[in-house]
Amino acid sequence: QVQLVESGGGLVQAGGSLRLSCAASTSIFSINTMGWYRQAPGKQRDLVALITSGGATNYADSVRGRFTISGDTAKNTVYLQMNSLKPEDTAVYYCNFRAYFGYEYWGQGTQVTVSS
């Protein structure tokens with residue numbers, strides 16, 4: 001079975017930075033996209049950032065200019081650099097890989113808490 005292992009979450013003060021990492025426990029071929037989602041209590045799980053195998057990126061309006069997604073589909077790794085963090089960014093963050101035939105993999109989630 002494939003598992004995505006996340007790390008890098010924690011507690012940070014407003015204005016601070018954090019870097020999240022995600023890697024597959026076993027090799028995955030033909031990954032189309034890698035991304036980060038987040039979910040706060042009582043809220044839906046929303047896309048934060050996405051990167052394609054070709055390197056194109058997409059960001060939620062709320063994080064554009066502050067967060068940067070990077071990674072390598074061939075190495076099955078994705079990162080999220082989060083700068084100028086705000087209390088509104090507090091949530092559980094999940095990494096996600098999507099491959100052909102509808103295959104989808106999720107990380108276990110890592111808590112990010114931003115204090116004011």
For R98, salt bridge (Lys or Arg N to Asp or Glu O under 4.0 Å) partners two or more places apart: E104
Can you find a pair of side-chain heavy atoms, one from L20 and one from V112, that are under 4.5 Å apart? yes
Is a side-chain donor or acceptor of Q108 paired with a backbone partner of E6 at a separation under 3.5 angstrom? yes
Tell me whether N96 contacts the main-chain N or O of G35 through its side chain, where contact means a donor paired with an acceptor under 3.5 Å. no
Please work out which of the three classes, parallel, tilted or perpendicular, describes the rings of F101 and Y103, given edges at 30° and 60°. perpendicular
Quick one: does D89's side chain get under 4.5 Å of R66's, heavy atoms only? yes
Do Y93 and M82 make a side-chain contact, defined as non-hydrogen atoms from C-beta onward lying under 4.5 Å apart? yes
Please enumerate all residues that pass salt bridge (Lys or Arg N to Asp or Glu O under 4.0 Å) together with R45, with sequence neighbours excluded. none
Quick one: does I31's side chain get under 4.5 Å of N76's, heavy atoms only? yes
Lys/Arg cation over aromatic Y94: R38, 6.0 Å, 45° cone: no
Start with the C-alpha distance between L18 and L85, add both sets of side-chain angles, then the distance that settles side-chain contact (heavy atoms from CB on, under 4.5 Å), and finish with yes or no. CA-CA 8 Å; L18 210 58; L85 283 162; 3.9 Å; yes
Between R64 and D61 (salt bridge meaning N to carboxylate O under 4.0 Å), is one present in this structure? yes
Would you say I69 and V78 make side-chain contact, with heavy atoms under 4.5 Å? yes
Over 12 non-hydrogen atoms of neighbours within 6.0 angstrom of CD in Q3: no
Is the shortest heavy-atom distance from the side chain of V92 to the side chain of T110 under 4.5 Å? no
Between the side chain of S25 and the main-chain N/O of V2, is any donor-acceptor distance below 3.5 Å? no
Sub-6.0 Å ring centroid separation between F67 and W36: no
Any side-chain donor-acceptor pair under 3.5 Å between S53 and N32? no
Minimum side-chain heavy-atom gap S17-Q81 below 4.5 Å: yes
